[in-house]
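Data first, discussion second: the structure below is written as structure tokens.
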Number of protein chains: 2
Amino acid sequence: MPTLTPTGDEPAPLGRNEQAVLGALRRSRAARSAYDILDEVRDAGLKAPTQVYRALEKLVKRGLAHRIESLNGFVACRHPQDQGFAAFAICTRCGAVRELADEALIAPLRHWAGAEPFAIEHVTLEVRGLCPACAGG
Amino acid sequence: MPTLTPTGDEPAPLGRNEQAVLGALRRSRAARSAYDILDEVRDAGLKAPTQVYRALEKLVKRGLAHRIESLNGFVACRHPQDQGFAAFAICTRCGAVRELADEALIAPLRHWAGAEPFAIEHVTLEVRGLCPACAGG
DNA sequence: ATCGCGAGCGTTATACTATAACAAAACAAG
DNA sequence: CTTGTTTTGTTATAGTATAACGCTCGCGAT
């Protein structure tokens, strides 16, 4: 048993690899693939996909990053307050990913979860389309 | 210009490859990867991933199949009446995929789409968790 | 101190998913 | 028949993700 983390669930500080990967995610408004990220963090000493994937896994577990299934990519979390569901609007033209905190979108899911005999572990909600800027409006 | 399809948008009949792939999807309650399907339709003469992906692309365009992003897999459509959004409940234990036609789940998305300056092209809504059977209830 | 253990990291190799590019065949129109 | 178009077949390759193994480092026990 480790002797640190004395109070019980103090979140361990991010390691070098996690910091580098999270930094790369935060610098981008679009989702990045693990290999994109790898290209960007080679300077920081990461050399293989495994290292990037391990860092991403930890970041996602902590809620500091999200996986975008429909892009096979990742984004930094911009709404740390949301502990449960997260939703994303993805522009198919410019690639920008907006994290949606809209409770109107999420509440129905919670409601459905309560009514159905289905034990929800995770929800993926990804809306693809044109953002206002790209729609030319 | 083709002379067939005389009335304008008569849906061309499915080709051999599409039929074989759709058959494989319909036989399964879980999502199948393109390579899974390929193994199953080798008898029908398909030999390369490209053929399976092309068949899947056509089936999805017609609404006869759906892609499950979070599994990199595909399922046959079981609710042909729904033209717009489709949602899925995916059991993480047995892999069964249930297509959700629940309007209560989908209506909020339509509502959001109307209110937001975002031109929706496609919505991915995938709920992962334990189905009633696997939850032991 | 030093031994042994467990956690995490680095590295290599490989599996899995998807598409590009071109060849061959099918088919309608002239 | 021949020509242009569309579909299908085939090969090769790109892109995404994980398995497996060995090293090192920190810690507690002796």
Side-chain angles (χ1 to χ4, degrees), chain A residues 1-6 9-22 24-25 30-62 65-75 95 124 126, chain B residues 1-22 24-25 30-62 65-75 95 124 126:
Chain A
M1 187 216 271
T3 44
L4 287 187
T5 70
D9 54 358
E10 196 98 352
L14 293 179
R16 264 171 190 67
N17 292 357
E18 282 93 15
Q19 286 180 28
V21 169
L22 183 55
L25 289 180
R32 315 285 312 265
S33 78
Y35 283 73
D36 275 352
I37 296 168
L38 177 56
D39 286 341
E40 185 165 337
V41 296
R42 280 224 152 82
D43 299 340
L46 286 84
K47 287 174 185 151
T50 310
Q51 298 172 278
V52 175
Y53 280 105
R54 287 208 274 239
L56 286 168
E57 186 183 4
K58 288 180 186 165
L59 293 171
V60 169
K61 268 204 189 107
R62 284 208 194 192
H66 299 287
R67 182 186 172 89
I68 307 295
E69 302 282 0
S70 62
L71 298 175
N72 291 330
F74 300 84
V75 293
T124 299
E126 299 173 9
Chain B
M1 185 218 270
T3 46
L4 287 188
T5 69
T7 59
D9 55 358
E10 197 99 348
L14 293 179
R16 261 168 193 70
N17 291 358
E18 285 90 14
Q19 286 181 26
V21 168
L22 183 55
L25 289 180
R32 314 286 310 267
S33 79
Y35 282 74
D36 275 353
I37 295 168
L38 178 55
D39 286 341
E40 185 167 336
V41 297
R42 281 223 153 83
D43 298 340
L46 286 85
K47 286 172 184 153
T50 311
Q51 299 172 280
V52 175
Y53 279 105
R54 286 207 275 237
L56 286 168
E57 186 183 3
K58 287 179 186 166
L59 292 171
V60 168
K61 268 204 190 106
R62 282 206 194 194
H66 298 288
R67 182 187 171 90
I68 306 295
E69 302 282 0
S70 63
L71 297 175
N72 291 329
F74 300 84
V75 294
T124 298
E126 300 173 9

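By convention in this document, chain letters (A, B, ...) are assigned in the order of the sequence lines, proteins followed by strands, and residues within each chain are numbered from 1.
- A distance of 9.5 Å separates OG of B:Ser33 from CG of B:Leu56, quoted to the nearest 0.5 Å.
- Between the CG atom of B:Leu71 and the C1' atom of C:dC16 there is a distance of 14 Å, given to the nearest Å.
- Rounded to an integer number of Å, the gap from B:Ile37 CD1 to C:dC16 P is 15 Å.
- B:Leu46 contributes atom CG, which lies 7.0 Å from atom CG of B:Leu38 (distance to the nearest 0.5 angstrom).
- A straight line from CZ of A:Phe74 to C1' of D:dA17 spans 9 Å, rounded to a whole angstrom.
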Please enumerate all protein N or O atoms sitting under 3.5 Å from an N or O of nucleotides 21-26 of chain D, with distances to 0.1 Å.
none

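- The NZ atom of A:Lys58 sits 6 Å away from the P atom of C:dG8 (whole-angstrom rounding).
- Phosphate proximity of C:dG10 to A:Asn17: present, with a side-chain N or O under 4.0 Å from OP1 or OP2.
- Whole-Å rounding puts the B:Leu46 CG to D:dT8 P distance at 11 Å.
- Contacts of A:Arg67 with the nucleic acid, taken as non-hydrogen atoms under 4.0 Å apart, involve only primed sugar atoms and P, OP1 or OP2.
- Within the 4.0 Å cut-off from OP1 or OP2 of D:dG15, not a single side-chain nitrogen or oxygen of A:Asn72 is found.
- A:Arg32 has its CZ atom 15 Å from the P atom of D:dG15, to the nearest Å.
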Please write out each protein N/O paired with an N/O of nucleotides 12-14 of chain C under 3.5 Å, distance rounded to 0.1 Å.
from	atom 1	to	atom 2	distance (Å)
C:dT12	O4	A:Thr50	OG1	3.1

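- Considering OG1 of A:Thr50 and CG of A:Asn17, their distance stands at 11.5 Å, rounded to 0.5 Å.
- Distance CZ (A:Arg42) to C1' (C:dT11): 13 Å, rounded to an integer number of Å.
- A:Glu126 places no side-chain N or O within donor-acceptor distance of the main-chain N or O of A:Ile68, the cut-off being under 3.5 Å.
- For the pair A:Glu40/A:Asp36, no side-chain contact is recorded, criterion being any heavy-atom separation below 4.5 Å from C-beta on.
- With sequence neighbours excluded, no residue forms a side chain to side chain donor-acceptor pair (under 3.5 Å) with B:Gln51.
- A close approach under 4.0 Å does not occur between any side-chain nitrogen or oxygen of A:Gln51 and OP1 or OP2 of C:dC9.
- Here the side chains of B:Arg67 and B:Val75 are not in contact, with every heavy-atom distance at 4.5 Å or above.
- Between B:Arg62 and B:Glu18, every side-chain heavy-atom pair lies at or beyond the 4.5 Å cut-off.
- If you take CG of A:Asp36 and P of D:dG15, they are 10 Å apart, rounded to a whole angstrom.
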